[in-house]
Number of protein chains: 2
Amino acid sequence: MPRKLSAVDPLRLDNQICFAVYSAAHAFNRVYKPLLDRLGLTYPQYLVMLVLWERDDVPVKDIGEKLFLDSGTLTPLLKRLEAAHLVKRTRSSEDERQVLIALTPQGHALKEKARSVPQSILAASDCSVPELVAMKDEIVALRDRLNAVIGE
Amino acid sequence: MPRKLSAVDPLRLDNQICFAVYSAAHAFNRVYKPLLDRLGLTYPQYLVMLVLWERDDVPVKDIGEKLFLDSGTLTPLLKRLEAAHLVKRTRSSEDERQVLIALTPQGHALKEKARSVPQSILAASDCSVPELVAMKDEIVALRDRLNAVIGE
DNA sequence: TCACATTTAATTGTTCGCAATTGAATGTGC
DNA sequence: GCACATTCAATTGCGAACAATTAAATGTGA
């Protein structure tokens with residue numbers, strides 16, 4: 001009995017890892033949404049806050065490198081975080097080209113409210129921590145290989 | 001010697017599988033971009049074309065269910081595909097609420113130009129096919145568990 | 001010093017992605 | 001047959017995401 005061609009058709013949606021990643025990212029976003037609504041953050045804003053909770057007073061460029069985002073995305077996003085009184089934007093005095101992003105007291109305080117988020121995500125994943133760590137490492141390795149190709 | 005807390009801190013960016021997925025999706029998008037530019041498609045438009053190349057003349061709702069997208073995303077996207085003469089949008093005569101999406105001859109023809117895309121992605125992934133299939137299956141399973149939680 | 005390149009954010013314009021709403025068509029329970 | 005709910009696409013508004021450009025600050029070489 002001949003194998004169905006569709007099972008190996010490279011143009012089939014179900015065979016594409018990229019669509020798996022794309023749709024998983026959207027699924028994560030939908031799980032995060034109600035959790036982050038309580039913090040008044042969108043998911044990309046939450047990522048920026050994660051960066052700042054690790055290290056404060058960083059240039060826009062550093063945030064961009066960690067999150068793989070450029071100023072076209074970050075500038076308006078950071079302005080919204082500033083409008084929400086979570087960060088302050090100031091030109092660096094050493095290098096006037098740089099804009100340094102610092103947390104406000106409210107920005108610092110929000111970290112406490114965010115502590116419950118990861119475990120909610122873990123529960124929704126319905127997966128053991130070692131399994132998730134293994135998957136994460138594989139996906140990061142794939143991402144880094146893809147990014148290496150982009151730099152040519 | 002005590003383990004660094006950061007290695008297990010759930011709020012650390014590097015520990016979050018969701019960020020791995022999010023950033024991998026963007027990396028894929030950047031790899032796809034030059035390939036899809038030659039087809040005159042964006043990545044979401046390419047996904048819609050993949051669906052239509054599998055089965056033609058389908059309602060918007062069916063496309064949305066396969067891609068996990070709603071009409072707010074698909075309606076303008078499909079109008080752009082129609083403006084590019086790749087699809088035709090017609091009201092179903094059986095159920096006037098539905099809009100059926102059908103490929104034009106140009107839309108059908110584009111499939112041939114798209115055949116080289118998957119192997120370019122495979123090359124950029126720098127990964128064996130069995131490995132990619134295994135990763136894809138894991139990610140799809142995770143996505144489906146997340147989507148199950150959303151439906152409560 | 002001075003011309004030139006580089007770095008850094010900001011800006012503009014296009015396309016997703018989704019929540020919320022609208023309006024038309026269809027299905028249902030009585 | 002008729003009120004009612006449901007389904008489906010379209011619309012509106014907002015927040016990413018990114019390409020391309022701009023402008024200012026800084027670095028470099030002759």
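Lettering of chains follows the sequences in order, A, B, ..., and the numbering in each one begins at 1.
Backbone-only engagement by A:D95 is indicated by non-hydrogen atom pairs under 4.0 Å involving sugar-phosphate atoms exclusively. The residue B:L74 sits apart from the nucleic acid: no heavy atom pair falls under 4.0 Å. Among the heavy atoms of the strands lying under 4.0 Å from A:P59 are primed sugar atoms or P, OP1, OP2 only; no base atom is included.
Listed pair B:T42 / C:dC16 meets the phosphate criterion, a side-chain N or O lying under 4.0 Å from OP1 or OP2. Dashed line: the shortest gap from a side-chain N or O of A:R30 to OP1 or OP2 of C:dG17 is not under 4.0 Å. Phosphate contact (OP1/OP2 of C:dC16, side-chain N/O of B:Q45, threshold under 4.0 Å): present.
Here D:dA16 is the nucleotide among C:dC18, D:dA16, C:dA9 with the atom lying nearest to any side-chain atom of A:L77. Of the candidate nucleotides C:dG17, C:dA19, D:dC18, C:dG17 has the atom nearest to the side chain of A:H26. Side-chain atoms of A:K61 lie closest to C:dA9 of the nucleotides D:dC18, C:dC16, C:dA9.
A donor N or O paired with an acceptor N or O is found under 3.5 Å between the base of D:dA10 and the side-chain atoms of B:S71.
The nearest whole Å value for the distance from the CD atom in A:E94 to the P atom in C:dT8 is 14 Å. If you take NZ of B:K79 and C1' of C:dC16, they are 16 Å apart, rounded to a whole angstrom. Look at CD1 on B:I150: it is 9 Å from P on C:dA19, rounded to the nearest Å. Atom pair B:L36:CG and C:dT14:P shows a separation of 20 Å (rounding to whole Å applied). With rounding to whole Å, A:R80 atom CZ is found 13 Å from C:dA10 atom P. With rounding to whole Å, B:L41 atom CG is found 13 Å from C:dT15 atom C1'. B:D37 has its CG atom 14 Å from the P atom of D:dC18, to the nearest Å. At whole-Å resolution of the value, CZ in A:R97 and P in D:dA24 are 14 Å apart.
Ion pairing between B:K79 and B:E82 fails under the 4.0 Å rule for side-chain N and carboxylate O.
Residues satisfying the salt bridge (Lys or Arg N to Asp or Glu O under 4.0 Å) criterion with B:D62, sequence neighbours excluded, are B:R55.
Counting non-hydrogen atoms of other residues, nucleotides and ligands closer than 6.0 Å to NE2 of B:H108 gives a total above 12.
Relative orientation of the A:Y43 and A:Y46 rings is tilted, given thresholds of 30° and 60° on the angle between their planes.
Each of B:L86, B:L74, B:T42 was checked for a side chain to side chain contact (heavy atoms under 4.5 Å, CB included) with B:L81, and the lone residue meeting it is B:L86.
Along DNA chain D, the nucleotide closest to A:E96 and the one closest to A:T73 are compared, and the more 5′ of them pairs with A:T73. If A:G72 and A:Y22 are placed on DNA chain C by their nearest nucleotide, the residue sitting closer to the 5' end is A:G72.
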